[in-house]
Structures are given as structure tokens and as C-alpha cells.
Amino acid sequence: ACATRPPEPPVPPAVPAPELSPDAPAVYSLDIEVEGGNGDTGRLRSLLGQHLDIARYRASQAALSRVELARLAAAAPAQAQTLLETEGHFNATARVERDPDDATRLRLVVAPGPRTRVASVAIDFQEGMAEPDAQALRDSLRRAWPLGEGATFTQAQWAAGKNDLLLRARSGGYPLA
């Protein structure tokens with residue numbers, strides 16, 4: 001206190017912040033961190049940013065309730081693992097962390113683990129395609145398979161390869177393939 005100034009009135013106690021309703025809009029930011037991506041860090045971060053529900057809602061700036069944000073944050077690790085499996089990372093781990101200094105900041109931390117490589121390829125045929133007169137078509141289909149031994153597995157290559165072989169078999173005279 002200063003002797004030349006009159007005393008200041010006492011500061012009123014702070015008014016507590018009202019409890020937020022679970023339906024109140026949640027404000028948040030999301031950082032996606034890929035640990036040990038072996039050169040795939042940017043590609044994997046982009047994949048997660050485009051397809052994770054929590055990231056898509058953030059990008060759209062749609063209003064989310066706190067309850068919905070908690071649900072999306074809880075679902076994000078399993079979604080991230082499933083997305084990483086499509087790129088051949090079958091041992092990925094993922095977790096969501098809240099920044100201890102800023103509760104509105106979320107971090108999704110993923111460790112993709114090693115990419116799966118094709119160890120061997122065996123394409124077998126049944127019924128009409130197993131007959132001797134279909135040998136040339138079988139050989140052609142085996143050569144056309146895109147995931148050879150040692151290739152990195154991706155779901156996209158698997159699905160495209162399967163669809164291509166089925167199309168070739170059907171156009172080669174086996175409509176029920």
C-alpha cells in the first residue's frame with residue numbers, strides 16, 4: 001500500500017466459469033505425428049489426415065460437441081491402425097494425447113512399424129480353369145499378378161490385382177470366375 005494513495009477497494013472473488021454442457025461446441029486442434037515412418041512419414045500423415053474421422057471433422061470446421069469429440073478421439077487409434085494396414089503396416093500402434101498445457105490441442109501419435117512384404121505367391125485354379133487347355137491363361141494370369149515375392153503389400157495393389165485377374169479370366173472364356 002502507498003501512503004499517498006487511498007486504499008483500493010478489495011477485488012471481488014472470481015466468478016467460476018459455468019459448467020459447459022456436454023453438447024457445447026468443442027474447440028480443438030489436431031496434430032498427427034508419425035514416428036519412424038522410414039521415409040513414408042509425409043505420405044502416412046496425409047493418409048491419416050484425409051481419412052480419420054477426427055481429422056476430417058477438424059478440416060471441415062463442423063461444430064462438434066465435447067461428447068462427440070471424445071468419441072472421435074477414442075476411436076482414432078483403431079481407425080489409424082486400420083488405415084495403416086491398408087499400406088502394409090500390420091503392427092502399427094496409435095494413441096491420442098492431450099497437450100498438458102493446452103486441453104484444446106490433441107496429438108495423434110502413430111508408430112507404423114515395418115511394412116509387410118510378400119513372402120511367396122501361389123495362385124491356384126479350380127474346375128474349368130484347372131483343365132489342361134487353360135494352361136496358357138493360367139500362366140498369363142500368374143505373370144500379371146502385381147504383388148510378386150519381395151513386393152511391399154498394399155491393399156490397393158491387392159484389390160486391383162485381384163480385380164484385374166478376374167476380369168482377364170472372365171474375358172478369357174470363364175464368366176463365372
Side-chain angles (χ1 to χ4, degrees), residues 28-62 68-99 105-177:
Y28 71 101
S29 66
L30 177 67
D31 296 322
I32 298 173
E33 182 179 321
V34 178
E35 296 176 337
N38 297 332
D40 284 343
T41 302
R43 188 177 57 79
L44 295 177
R45 187 181 305 117
S46 176
L47 173 77
L48 296 168
Q50 288 175 351
H51 298 288
L52 285 172
D53 290 343
I54 194 168
R56 290 182 318 150
Y57 272 100
R58 180 67 197 124
S60 74
Q61 298 182 349
E68 183 66 5
L69 176 59
R71 186 191 71 74
L72 291 173
Q79 285 183 348
Q81 289 169 325
T82 299
L83 284 166
L84 292 171
E85 286 175 0
T86 68
E87 293 299 310
H89 297 279
F90 288 96
N91 295 311
T93 60
R95 68 186 183 280
V96 173
E97 301 173 346
R98 282 199 185 267
D99 186 322
R105 189 171 195 162
L106 300 177
R107 258 183 23 158
L108 172 68
V109 180
V110 298
R115 289 186 81 183
T116 298
R117 296 203 173 270
V118 177
S120 64
V121 177
I123 301 174
D124 297 320
F125 300 92
Q126 299 175 357
E127 298 179 10
M129 288 192 69
E131 298 296 324
D133 62 337
Q135 183 66 46
L137 179 58
R138 288 195 306 269
D139 291 344
S140 169
L141 294 175
R142 286 185 176 114
R143 281 191 306 273
W145 182 248
L147 291 168
E149 290 182 22
T152 302
F153 174 88
T154 67
Q155 185 63 39
Q157 284 183 311
W158 170 266
K162 182 180 69 169
N163 289 337
D164 181 52
L165 265 55
L166 288 171
L167 179 63
R168 288 172 185 246
R170 288 176 183 145
S171 65
Y174 297 91
L176 300 178

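When reading the values below, keep in mind they use all heavy atoms of this one structure, side chains included, and skip hydrogens, waters and symmetry mates. The residues of the chain are indexed from 1 along the displayed sequence.
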Next item on the list: Name all residues meeting the ring pair (Phe, Tyr, Trp, His ring centres under 6.0 Å) criterion together with Phe153; count only those two or more places apart in sequence or in a different chain, and write none if there are none.
Entry: Phe90
Checklist line | Considering all heavy atoms, the nearest Leu47-Leu83 contact | finding: CD2-O, 3.7 Å
Item checked: Distance, nearest 0.5 Å, that separates CD of Glu127 from CG of Leu176 -> 8.5 Å
Note to self: Looking at every non-hydrogen atom in both residues, tell me the closest pair between Gly128 and Ala134 and how far apart they are.
What the structure shows: O-CB, 4.0 Å
Notebook entry, point to check: Does Phe125 CZ have over 12 foreign heavy atoms under 6.0 Å away?
Noted result: yes
Margin query: Using a 3.5 Å distance criterion without hydrogens, assess whether the side chain of Gln81 forms a donor-acceptor pair with backbone atoms of Ala92.
Written below: yes
Next item on the list: Among Leu108, Ile32, Leu106, find the one that has a side chain to side chain contact (heavy atoms under 4.5 Å, CB included) with Ile54.
Entry: Leu106
Check: Do any N or O atoms from the side chain of Asn163 and from the backbone of Ala159 form a donor-acceptor pair under 3.5 angstrom?
Finding: yes
Next item on the list: Mind checking the OG1-NE2 spacing from Thr152 to His89? Nearest 0.5 Å is all I need.
Entry: 8.5 Å
Check: Quick one: are Arg56 and Asp53 in side-chain contact, heavy atoms under 4.5 Å?
Finding: yes
Next item on the list: Taking the side chain as every heavy atom from C-beta outward, state whether Arg115 and Glu87 have any atom pair closer than 4.5 Å.
Entry: yes
Next item on the list: Drop me the distance from Leu84's CG to Asn91's CG, to the nearest 0.5 angstrom.
Entry: 11.0 Å
Note to self: Distance check, rounded to the nearest 0.5 Å: Arg95 atom CZ versus Glu33 atom CD?
What the structure shows: 7.5 Å
Item checked: Minimal non-hydrogen separation, Ala76 against Leu52, with atom names -> O-CD2, 3.8 Å
Note to self: Looking at Ser46 and Gly42, would you say the former's side chain and the latter's main chain have a donor-acceptor pair under 3.5 Å?
What the structure shows: no
For residues 142-150, run the donor-acceptor check on the side chains, cut-off 3.5 Å, and write out each pair with its distance to 0.1 Å, sequence neighbours left out.
unit_1	atom_1	unit_2	atom_2	d
Arg142	NE	Ile123	O	3.2
Arg142	NH2	Ile123	O	2.8
Trp145	NE1	Leu147	O	3.2

Note to self: If I take atom CZ from residue Arg138 and atom CG from residue Asp133, how far apart are they, to the nearest 0.5 angstrom?
What the structure shows: 8.5 Å
Check: Is there a side-chain contact between Gln135 and Asp139, using heavy atoms and a 4.5 Å cut-off?
Finding: yes
Notebook entry, point to check: Which pair of non-hydrogen atoms, one from Pro77 and one from Ala94, has the smallest distance, and what is that distance?
Noted result: CB-O, 3.4 Å
Check: What distance do Arg170 atom CZ and Arg168 atom CZ have between them, rounded to the nearest 0.5 Å?
Finding: 14.0 Å
Next item on the list: Would you name the heavy atoms of Ala80 and Val110 that are closest together and state the gap between them?
Entry: CB-CG1, 4.0 Å
